[in-house]
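Comments concern the structure below.
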Amino acid sequence: MEYNHQSLEKKWQHFWADNGTFKPSESTDKPKYYVLDMFPYPSGAGLHVGHPLGYIASDIFARYKRLKGFNVLHPMGYDSFGLPAEQYAIQTGQHPAITTDANINRYREQMDNIGFSYDWSREIRTSNADYYKWTQWIFMQLFDAWYNKDSDKAESINTLIEKFETSGSLGIKAVSDEDVNEFTAAEWGAYSEEEQQRELLKYRLAYLRESTVNWCAALGTVLANDEVINGLSERGGYPVEQKKMMQWSMRITAYADRLLRGLDTIDWPEPLVEMQRNWIGKSVGASVKFPVPQINTDIEVFTTRVDTIFGVSFVVLAPEHDLVSTLTTEAQRAEIEAYIDKTSKKSELDRMADTKTVSGAFTGSFAKHPITGEDVQIWIADYVLAGYGTGAVMAVPSGDQRDYVFAKHFNLPIVPISDTQQLDEAADANKDGKYINSGFINGMTYEEAVPALVAKLEELKLGKAKVNFRMRDAIFGRQRYWGEPVPVYFKNGLPYLINEAELPLLLPEVDKYLPTESGEPPLGRATDWKYQDQYEYELSTMPGWAGSSWYWFRYMDPQNADAFASKESVEYWKSVDLYIGGSEHATGHLLYSRFWNKALKDLGFHNEEEPFKKLINQGMIQGRSSFVYRVLDEEGRGTNQFVSLGLKDSYKTIALHVDVNIVHNDVLDTEKFKASRPDYALAEFVLENGKYICGTEVEKMSKSKFNVVNPDDIISAYGADTLRLYEMFLGPLEQAKPWNTNGIEGVYKFLRKVWRLFHDAEGNFHVSDEEPTKAEFKAVHKIIKKVEDDVERFSFNTSVSAFMICVNELTDLKSDKRKVLEDLLIVLQPYAPHITEELWSLLGHKAGSISYAAYPVFNPAYLVESEFAYPVSVNGKMKMNLSLALDLDQKTVEETVLANADVQRYLDGKAVKKLIFVKGKIINIVV
RNA sequence: GCCUAGGUGGUGGAACUGGUAGACACGCAGGACUUAAAAUCCUGUUCCCGUUAAGGGAGUGCGGGUUCGAUUCCCGCCCUAGGUACCA
C-alpha cells in the first residue's frame with residue numbers, strides 16, 4: 001500500500017477525538033506541564049496558512065512533553081467578544097452571537113484538519129455566559145479591593161473601611177486618586193453612606209472617575225492607550241480625540257513596580273520585555289516645587305536630574321496646564337492666548353510629527369528658584385506634555401537638548417554647571433565632571449550631589465525624591481454591545497455591585513446595535529434586564545481584554561459552576577509553563593494578564609506571581625504575491641499578451657497580481673489562468689524555456705493581493721503531516737518569513753520515504769525483528785539526541801532537516817529493523833502524528849498508544865567510532881586529513897601526528913612552536 | 001533620535017559554548033528507467049582562475065582589532081525589520 005495521507009489522517013483525527021486521547025488527569029504521579037497558545041479571535045476570514053504556525057510549534061512541544069512523561073495540559077478556546085462581529089451586526093442586523101458561532105465552527109474545522117492534540121473537552125469561549133460570569137465575578141473582586149503600599153499588595157476593601165473606622169485616613173499608604181480627603185475616625189463615622197462610597201471609590205482597583213479618555217467617534221467608544229496608534233484607532237484607523245468622561249478604569253499603576261520587577265523573573269523574548277519596560281516607563285528622579293509668591297502657589301515639576309538645578313534659567317508649562325491662565329500677566333495675555341489657540345488647532349499627529357519647530361510664549365510671571373531664590377521666567381511651550389509628570393518642567397539649557405534649543409531661540413541664559421561641559425553647539429548631559437556655578441554643590445561629583453540636593457529640598461519642604469511612571473491606569477469601559485456587561489447598578493449616581501447570586505448578568509437583547517438617540521451606549525436599548533424596574537444598570541460593557549486577562553485559569557477547571565477554577569486545580573496546574581503567541585500583544589493582553597494575575601494572587605485565589613513562565617513569539621508569516629506582466633500597446637492599454645518575467649524588459653508591461661494558487665514554483669498554470677477570469681480567456685503567452693515564470697514580492701497576506709494560502713488546500717494536496725513539517729521547516733519559529741510553497745515537495749517526499757522504510761518493494765508492510773547493525777543504531781540515536789536538543793530550545797526547523805538525513809541514511813542501509821524504526825516513529829510523532837500513529841499500529845501496538853510512549857533513551861555509545869578522521873591545519877591553514885585510533889592519550893597522539901609522513905613533509909623542517917588540542921585531537925600545528 | 005533583533009550561495013536556511021562555512025531542502029544542469037510523459041532514482045551545483053582534470057585563489061554587509069584559528073568575541077560604520085518617540 002502506498003502512503004495515502006487522505007484516509008489515514010482523517011482516521012486518526014477521529015480516533016483521537018472519540019477516545020479523548022489528550023485529556024490530562026490530575027490524579028497522577030507525573031509532573032505537570034501547561035502548554036498554551038494565545039487563543040484566537042474567530043474572524044470571518046477563517047485561518048490562513050500563517051495562523052497555525054504557533055499552534056503547530058506548541059503542539060509539537062506538548063506531544064514531546066507527553067513522551068517525556070509529563071502530564072500535559074494543552075487546551076484551546078476562543079476570545080469571542082470583539083468589534084468585528086459587532087460592526088457586522090450593525091450592518092446586517094444579525095446577532096453577533098450567530099456570526100461568532102459560525103466563525104468558531106469554521107475555525108474548529110480547520111484546526112481539526114491539522115491534527116492538534118488539544119483537549120477539546122476544555123474549550124472555552126469568552127462570550128459564553130458560564131465563562132463571562134467569572135469575568136464579572138473577577139471585576140467584582142477588583143471593585144472590592146484597594147492597594148495597600150505598606151503590605152505592597154491588594155487587599156479587600158473591608159480592611160480599608162476598618163482602618164477608616166478606627167483611625168481615619170491618617171497613616172494610610174494607598175495607591176489612590178489624587179484628590180482623597182483627610183479625615184479622622186470620627187469624621188468618617190459622621191460621613192453619610194453616599195460620602196463614604198464616594199471616598200472609597202478613590203481607592204478601589206476597579207473604579208469610576210472622570211478622566212481624560214481616548215474617544216473614537218467613528219467607533220462610538222473610548223479606547224485604551226494600547227488601542228490607539230499614532231492618534232488613530234488600532235481597529236479601523238479612525239481618528240481619536242481626547243475627551244473628559246466618567247469612565248471605568250483599572251488601577252494598574254498600583255502594580256507598575258511589581259510588573260517591572262517581575263520581568264526579571266520570567267523567560268520572555270528580550271524585545272518583548274523591553275517593550276513592557278518602556279511602556280511602564282519608570283524614571284527615578286525628584287519632584288521639585290518652584291514657589292510663585294504673588295499668587296501664593298507652587299509650580300511642581302518632575303526631573304530626573306536634580307543635580308542640574310542650578311542650571312535652571314526658566315520654567316516651562318504645558319499650554320494645557322491649570323495655572324497658565326492665573327500666571328499670565330495682562331501685558332502677555334494676548335500672546336499667550338494666541339499661542340494656546342495655535343497649538344490646540346494642531347492635531348495630535350501634527351504635534352508629534354513636528355518636533356523641529358521651536359515655539360512658545362512668555363507668561364510674564366516669575367517663579368522663585370527653590371534654592372537660590374532668584375527669579376526665573378515662566379514660559380509655556382508645546383514640547384511640554386500635559387499628560388506626563390506634572391505637565392511642567394524646570395528648563396536646564398546646558399543639560400537638556402530641548403531646553404538648549406528653546407533657550408537659543410528665545411535668547412534665554414545658558415548656564416554651564418559642570419567643568420566638563422561643552423556647550424558650543426548642543427547641550428551636554430554628561431555626569432562625569434565636578435559642579436560649577438552650583439552653590440553649595442560646587443566641586444561635588446554626581447553621586448555626591450544628588451543626595452545632598454534631595455536632603456536640602458526636603459529641609460526646605462520644596463521637593464523630594466520621586467519615582468515617576470509613564471504608564472496610566474487602564475480605561476475599562478466600552479460604549480459597545482458585544483462585550484461583558486459590567487455587574488454594577490447606580491444609586492444616587494454612585495456605583496454598587498449587584499448581588500453575586502445574580503451572576504452572570506446576562507447580556508440583554510437589543511433591537512439595534514447602535515447608540516440610543518440620547519447618546520447612551522447600545523445597552524440603553526435593553527428592555528429585558530432581570531431587575532429593570534429596580535436597578536439603574538451600568539450601560540457600558542467591558543473592553544476586549546477583560547475575558548483574555550484570566551482565561552488560562554479557566555482551562556484548569558472549565559466546567560466549574562462554583563468558582564472560576566477549583567482550589568485543587570489551581571494548585572495543581574499553577575501557571576502556564578510555555579505560552580506561544582504574537583508580539584502584538586506586548587503592551588495589551590500580556591500586561592493586563594500579568595496585572596490581573598497579581599491582583600488575584602494578592603486576594604488569595606492562587607499563589608503564582610507571574611502567569612506565563614516562558615513565552616515564545618512566533619514570527620508573522622507574510623504573503624508571497626505572484627505577478628504576471630501584461631503587454632501594453634502604444635496607447636498604454638492592456639493587450640491579451642502576457643510576457644514571462646525574464647523577457648518582460650523588452651516589452652512595455654504592467655504587473656498584475658495573480659492568484660498564487662495557480663502558480664507552482666513560480667511557474668504559471670496558463671490553462672487555469674485563462675479560466676480564472678473571462679477577460680483572460682483569450683490570453684496569449686510569451687514563454688521562456690516553454691514556461692511562464694511569474695514575478696514575486698513579499699507583502700502582507702490578504703485577499704486583495706491574491707496571495708492568501710488556505711491550510712485546507714495544502715492539507716488536501718499533501719496532508720496535515722506535510723503542512724506541519726513544512727511550516728516548521730520554513731525557518732526559525734521566531735522569525736518573520738514569507739509563505740512560499742516552493743519547497744513543500746521535499747517534505748512530502750520525506751514522508752513517503754518514511755512510509756517506504758516499513759514496506760517492501762511490492763508495497764507490503766514488512767519489518768524484521770533482527771538486531772540492528774551498528775550503523776542503524778547510530779543513525780537513530782543521532783536523531784534521538786538531536787530532536788531532544790532542538791525541541792528544548794525551540795529549534796524545530798533544524799530537527800526537520802535532521803529527520804531527512806536520518807531517513808536517507810536508513811534508506812541507504814535498507815534498514816527494516818523493528819528496534820530502530822520504533823524509536824524513529826516515537827521521535828517523529830510530535831512533528832508528524834498521523835503517519836507515525838498509523839505505522840505504530842501496523843507494528844502491532846495498541847491504537848493511540850504512541851502518544852504516550854516513552855521517549856527513547858539516548859545512548860552515546862552508538863555514536864562513538866573506533867577510529868576518527870579529522871583535519872589538521874598548519875598555522876590555521878587547512879592542510880591534511882589524518883585518521884587516528886581512539887583512546888590514545890595526548891602524548892601518543894602528539895607523537896603519532898608528528899611522526900606522520902605527510903605532516904613531516906608539510907612542516908618541511910620548520911620547528912613546531914605549539915600544538916593546539918581540541919577534545920584530545922590535534923587541530924592545528926603552529927610553526 | 002532611541003531601544004531590540006538581524007545581514008551567510010540563484011532561493012529558504014544550517015554551523016549548539018571560536019575549530020573542515022554553505023548541512024538539509026528548493027531550484028537549476030546532466031543522466032537512468034519509460035514509446036513518451038508523470039512519478040522515482042543517481043550525479044553535479046558558493047564564486048573566480050585552470051580546455052576536462054589535478055590544483056590554486058577569494059569568500060559569511062563594510063573597515064579595523066584580539067587569536068595558532070573569527071559567521072561566532074571586541075571597536076567603528078552601513079543597511080533591513082519591529083518597537084517607540086518632544087517622557088523632562
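Throughout, protein chains are lettered first and strands after them, A, B, ... in sequence-line order, and every chain is numbered starting at 1.
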Have a look at A/Tyr831 and tell me which of A/Phe729, A/Phe803, A/Tyr64 forms a ring pair (Phe, Tyr, Trp, His ring centres under 6.0 Å) with it.
A/Phe803
Euclidean distance, atom CZ of residue A/Arg402 to atom P of B/C86 [Å, nearest integer]:
10 Å
Distance between the P atoms of B/C3 and B/A85, in whole angstroms?
16 Å
Given RNA chain B, 5'-ward residue of the pair A/Asp812 and A/Asn808, judged by closest heavy atom
A/Asn808
Both A/Gly281 and A/Lys749 contact RNA chain B. Which one's nearest nucleotide lies toward the 5' end?
A/Lys749
Looking only at B/A15, B/A88, B/C68, the nucleotide nearest the A/Leu385 side chain is B/A88
Could you give the distance separating B/U40 and B/C33 at their C1' atoms, to the nearest angstrom?
9 Å
Mind checking if A/Phe750 touches a base, just sugar-phosphate, or nothing, with heavy atoms under 4.0 Å?
nothing
Under-4.0 Å side-chain N/O to phosphate OP1/OP2 contact, A/Tyr388 with B/A88
yes
Using only heavy-atom distances, determine whether the side chains of A/Glu300 and A/Ser287 contain a donor-acceptor pair under 3.5 Å.
yes
Using atom P in both nucleotides, what's the gap between B/C77 and B/C68 to the nearest angstrom?
28 Å
Using Watson-Crick or G-U wobble geometry with both distances below 3.5 Å, tell me the partner of B/U20, or none.
none
Could you tell me how far B/A39 sits from B/U34 if I compare only their C1' atoms? Round to whole Å.
11 Å
B/U60 pairs with which nucleotide, Watson-Crick or G-U wobble, both distances below 3.5 Å?
none
Among B/C68, B/C86, B/A23, find the nucleotide with the atom closest to the side chain of A/Asn924.
B/C68
Just name whichever nucleotide pairs with B/C41, Watson-Crick or G-U, keeping both distances under 3.5 Å, else none.
B/G31
Can you tell me if A/Ser799 and A/Asp790 form a side-chain donor-acceptor pair at under 3.5 Å?
yes
Nucleotide nearest A/Arg756 (side chain, heavy atoms from C-beta), chosen from B/U40, B/A88, B/G13:
B/U40
Calculate the interatomic distance between A/Ile925 atom CD1 and B/U20 atom P; express it in whole Å.
16 Å
For A/Asn468 and A/Ser283, which I'm curious about, is there any donor-acceptor pair between the side chains at under 3.5 Å?
no
Consider side-chain contact (heavy atoms from CB on, under 4.5 Å). Of A/Ile309, A/Leu453, A/Leu462, which one does A/Val288 pass it with?
A/Ile309
Work out how far the C1' atom of B/A21 is from that of B/G30, and round it to whole angstrom.
27 Å
Atom-pair distance (NZ on A/Lys786; C1' on B/C24), nearest Å:
10 Å
Counting only heavy atoms and a strict 4.0 angstrom limit, can you tell me which residues of residues 267-279 of chain A come near RNA chain B?
A/Pro271, A/Glu274, A/Met275
Select one nucleotide: of B/A88, B/A15, B/A85, the one nearest the side-chain heavy atoms of A/Thr798.
B/A15
So does A/Asn797 get a side-chain nitrogen or oxygen closer than 4.0 Å to the phosphate oxygens (OP1/OP2) of B/A14?
yes
Identify whether any heavy atom of A/Pro732 sits under 4.0 Å from a base atom; if not, whether one sits that close to sugar-phosphate; answer base, sugar-phosphate or nothing.
sugar-phosphate
Parallel, tilted or perpendicular for A/His589 and A/His585, by the 30°/60° rule?
perpendicular
Does the side chain of A/Tyr404 come under 3.5 Å of the side chain of A/Ser398 through a donor N or O and an acceptor N or O?
no
With both distances kept under 3.5 Å, what pairs with B/G1, Watson-Crick or G-U wobble?
B/U84
Are A/Tyr726 and A/Tyr748 close enough that their ring centres sit under 6.0 Å apart?
no
Could you give the distance separating B/G61 and B/C49 at their P atoms, to the nearest angstrom?
24 Å
Under-4.0 Å side-chain N/O to phosphate OP1/OP2 contact, A/Arg752 with B/A39:
no
In B/G9, glycosidic geometry as syn within 90° of 0 or anti otherwise
syn
Now, which nucleotide makes the Watson-Crick or G-U wobble pair with B/U11, with each of the two distances under 3.5 Å?
B/A25
Which whole number of Å gives the distance between the P atom of B/C47 and that of B/U60?
16 Å
Calculate the interatomic distance between A/Phe729 atom CZ and B/C24 atom C1'; express it in whole Å.
6 Å
Which is true for A/Leu730 with a 4.0 Å heavy-atom rule: it touches a base, it touches only sugar-phosphate, or it touches nothing?
sugar-phosphate
Report the C-alpha separation of A/Phe314 and A/Phe410 in whole Å, then their side-chain angles, then the decisive distance to 0.1 Å, and conclude whether the ring pair (Phe, Tyr, Trp, His ring centres under 6.0 Å) test is met.
CA-CA 11 Å; A/Phe314 53 103; A/Phe410 290 106; 8.7 Å; no
Is NZ or CZ of A/Lys282 both nearer than 6.0 Å to the six-membered ring centre of A/Phe469 and within 45° of the ring axis?
no
Just name whichever nucleotide pairs with B/G50, Watson-Crick or G-U, keeping both distances under 3.5 Å, else none.
none
Taking 4.0 Å as the cut-off, does a side-chain nitrogen or oxygen of A/Gln735 come that near to OP1 or OP2 on B/G13?
yes
Between B/C24 and B/A14, how many Å separate the two P atoms, rounded to a whole number?
14 Å
Please classify the nucleic acid contact of A/Lys753 as base, sugar-phosphate, or nothing, using heavy-atom distances under 4.0 Å.
sugar-phosphate
Distance check needed: B/G6 P versus A/Asn617 CG, whole Å only.
14 Å
For A/Lys466 and B/A88, give me the distance from atom NZ to atom C1', rounded to whole Å.
13 Å
Below the 4.0 Å mark, does B/A88 have OP1 or OP2 next to a side-chain nitrogen or oxygen of A/Ser283?
yes
